[in-house]
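Have a look at the structure below before the remarks.
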Amino acid sequence: MDYNLVLPSHRGALSTGCRRFWNPAIPIEMNAAMTRPVRTRFAPSPTGYMHIGGMRTALFCWLWARHTNGRFILRIDDTDQERNVESALAPIFRAFRWLGLDWDEGPEQGGPYTPYYQSQRGHLYQAAVEKLLAAGKAYRDFETPEQIAADRQQAEANKVPYLSSRRSLSLTPDQIAVHQQSGQPSVVRLLVPRDRKVAIDDAVRGHVEWDCGLMPDPVLQRSNGSFLYNFATVVDDAQLQITHVIRAEEHLTNTAVQVLLYEALEQSPPTFAHIPFITAPGSTKKLSKRDLEKLRKNPGLQKLFDRADVVFPQLSLGDSTTLSPVMVEYYEQMGYLPAGVLNGLARLGWSLDDKTEIFSRDDLIREFSLERINKSSAAFDADKLLSFQAHWMSQLSLDEKIDGCWPFLKRAKLVQDWFPAGEIPESCPVDRRGWLGELLTAFGDRLKVFSDILDTQDFFVADTALVYEEKAYQKKIVEAPEAKEILQALTIELAACQPFDAPTLEQRVHAFVETRGLKFNQVIQPLRIALTGKTAGMGLFETLVLLGQDRCLSRLRHLISRLPV
RNA sequence: GGCCCCAUCGUCUAGAGGCCUAGGACAUCGGAUUUUCAGUCCGAGAACAGGGGUUCGACUCCCCUUGGGGUCACCA
């Protein structure tokens, strides 16, 4: 009966943002504001990389805080990490900064509830354990692991749910003292009230309840004195005054214990919002870093892995093994825009209406709400992400594109020849922006992510170092006996072309085709290969102009010289 | 297996009992533009898991079945 306390009385506050209990007469924001300012948190472990799914959870937490004018807190779950926390955290902070998810309290930021590292908050957990012990809401358990395992087996054999034996509960104070003095290991367990239920009104899942009679007593403190995640989280969330716990659905089951803990600690539980997780493309299983090899074979991810193997080595960043598509850093290093990633992530499990797909960061802040998060899991879709990305790329000015591409050109050592004297500057020098701008203009929408600029490397390499695409070369040059003669004549034609600009060139080439009674493609294709090594690419006449007359002629001659007499 | 969650085009989703002949986006396939590719424009195919109720009426509410998933630690 007790459990009623958790529910109706708190319903208004607990169900903030939940459409099921939403009273249309009261705006949601008002509802939240009437209770207390929203505080959300994201609590990453120092794993050495930022997972794309975790990033989406963090985004939702951040958006809810920003939308409600509340605060977003970063707390580090480093309870079982030893050293190198700093270096394992760096990529995580980097991901947050890259996407522009700033935190109001946390590492490097401080705040009223410092420290924000769980490893430094042990005194709080200790105090909470003692409080619970003193109140008889938790107990010291001397049961050995062997006994517990045996009980478990027994329960399984009898096909009844396993429950803690609670044998230690019948120990007298004297016996306990003896046990402790003799160094008998013990843990602290919460005394679960078995005669009732716990329930929450989840902001996305609605009413969920569990029967306490089916729950073993959870360990709060290990025999070595350290604390369990479930317990530390509750103590922290309560102490940090978190109002909305927004986290992945896998934590839903944990919530039963956590709510019990809030009650035992005489704290009112926050609103929970268990968001659906992201699954691997074409799968219903959680997208995880595990089974990288399996993910590599996933048809929906293969393109991303393959692209990594093409791009990252050129940037001296390893390959798809070092940076895989489940890591946020993959997208950063690949030259995605924060706007593209944010847009894509936000639309996984959340939508505004029946037609809006494009959201800027500010749009998201304005429109985001817990009530429009849906319940079923969402598959990661690399194609759709790329289409968001392409959209945001198309919104950039030419200068922004130049600045975005520059680091890639630099890292790939494509512009080294421009600076024979030494150091390559951090940003593209003024006297090179004109040409690069023309290149980018001609390249157009083919630039979807900044690293796509590497596909224009034919424009940067030496004329004699050009690599010809094998298939195209065979088909259009080797197997076309007239190709050589055409190219020879064309070389003479182009050498005479003045001015060397697109309209003039186009006119000259058309005239060339006509007077010789050729088909346009017979001329165009071999020319393309001579200039760029490929048959696909940007406009041919732009290509000619970009390369300039000298380099065009030099490339033509180079190709002709390779052909048999 | 126990407990819990979920179920609309291939994918992300809209749908709050009649606005549904189920809408949009990505992807796919046509067509147009064009020197290739990309883009752009136009168009096409493509879904309510099944069965029972409730109701004048069910994608929508209830129940069951089926399917999928999560979780059951002195992990986080």
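Not measured: the values here are computed from a predicted model. Below, read A as the first sequence line, B as the second, and so on, with proteins coming before strands; counting in each chain starts at 1.
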Tell me the interatomic distance from [X], atom [atom1], to [N], atom [atom2], rounded to whole angstroms.
X      : N      : atom1 : atom2 : value
A:F227 : B:rC74 : CZ    : C1'   : 13 Å
A:D458 : B:rU36 : CG    : P     : 19 Å
A:F231 : B:rC74 : CZ    : P     : 16 Å
A:F380 : B:rG10 : CZ    : C1'   : 17 Å
A:N374 : B:rU13 : CG    : C1'   : 7 Å
A:E371 : B:rA14 : CD    : C1'   : 14 Å
A:I275 : B:rC5  : CD1   : P     : 18 Å
A:R152 : B:rC3  : CZ    : C1'   : 14 Å

Using only side-chain N and O atoms of [X], determine if any of them is under 4.0 Å from OP1 or OP2 of [N].
X      : N      : answer
A:T79  : B:rA76 : yes
A:R347 : B:rC26 : no
A:K197 : B:rC4  : no
A:R372 : B:rG15 : yes
A:N254 : B:rU71 : no
A:T253 : B:rC72 : no

[atom1] spacing across the pair [N] / [M], given as an integer number of angstrom:
N      : M      : atom1 : value
B:rC72 : B:rC12 : P     : 26 Å
B:rC9  : B:rC59 : C1'   : 14 Å
B:rG31 : B:rC37 : P     : 13 Å
B:rG1  : B:rC63 : C1'   : 24 Å
B:rA73 : B:rC26 : P     : 46 Å
B:rC62 : B:rU21 : P     : 23 Å
B:rG30 : B:rC48 : P     : 25 Å
B:rG51 : B:rA7  : C1'   : 15 Å

With hydrogens left out and only the distance checked, is there a donor-acceptor pair under 3.5 Å joining [X]'s side chain and the base of [N]?
X      : N      : answer
A:E357 : B:rG24 : yes
A:K384 : B:rC12 : yes
A:R528 : B:rU35 : yes

Legend entry - Salt-bridge present (A:D237, A:R75; N to O < 4.0 Å): yes
Inset, instruction - Give me the ring orientation class for A:Y262 and A:F272: parallel if the planes are under 30° apart, tilted from 30 to 60°, perpendicular past 60°. - result: perpendicular
Legend entry - Closest-nucleotide ordering on RNA chain B, the 5'-leading residue of A:P276 and A:N230: A:P276
Legend entry - RNA chain B: 5'-proximal contact among A:F388 and A:Y229 (nearest heavy atom): A:F388
Using a heavy-atom cut-off of under 4.0 Å over every strand shown, decide if [X] touches base, sugar-phosphate, or nothing.
X      : answer
A:S223 : base
A:K448 : sugar-phosphate
A:L252 : sugar-phosphate
A:V219 : sugar-phosphate
A:G344 : nothing
A:K285 : sugar-phosphate
A:S387 : sugar-phosphate
A:G537 : base
A:L228 : sugar-phosphate
A:M215 : nothing

Pairing check on [N]: which nucleotide meets the Watson-Crick or G-U wobble criteria with it, both distances under 3.5 Å?
N      : value
B:rC3  : B:rG70
B:rA16 : none
B:rG57 : none
B:rC41 : B:rG31
B:rC48 : none
B:rA25 : B:rU11

What's the closest nucleotide to the side chain of [X] if the choices are [options]?
X      : options                : value
A:D445 : B:rU35, B:rC12, B:rA38 : B:rA38
A:R446 : B:rA38, B:rC4, B:rU11  : B:rA38
A:A378 : B:rC4, B:rC6, B:rC12   : B:rC12
A:E250 : B:rU35, B:rG70, B:rC6  : B:rG70
A:K286 : B:rG70, B:rU35, B:rC12 : B:rG70
A:V208 : B:rC3, B:rC4, B:rU35   : B:rC4

Inset, instruction - Verify whether one side chain among A:H274 and A:T255 offers a donor that lies under 3.5 Å from an acceptor in the other. - result: yes
Inset, instruction - Give a yes/no verdict on a cation-pi contact between A:K401 and A:F450, requiring under 6.0 Å between NZ or CZ and the six-membered ring centre and an angle within 45° of the axis. - result: no
Legend entry - ring centroid sep under 5.5 Å plus plane angle under 30, A:H251 with B:rA76: yes
Donor-acceptor contact present, side-chain [X] to main-chain [Y], <3.5 Å:
X      : Y      : answer
A:N298 : A:P281 : yes
A:R247 : A:A273 : no
A:S165 : A:R167 : yes
A:E514 : A:A511 : no

Legend entry - Check: A:F380 and A:L301 side chains under 4.5 Å, non-hydrogen atoms: yes
Inset, instruction - Using side-chain contact (heavy atoms from CB on, under 4.5 Å) as the criterion, list what pairs up with A:Q120, not counting sequence neighbours. - result: A:P115, A:Y117
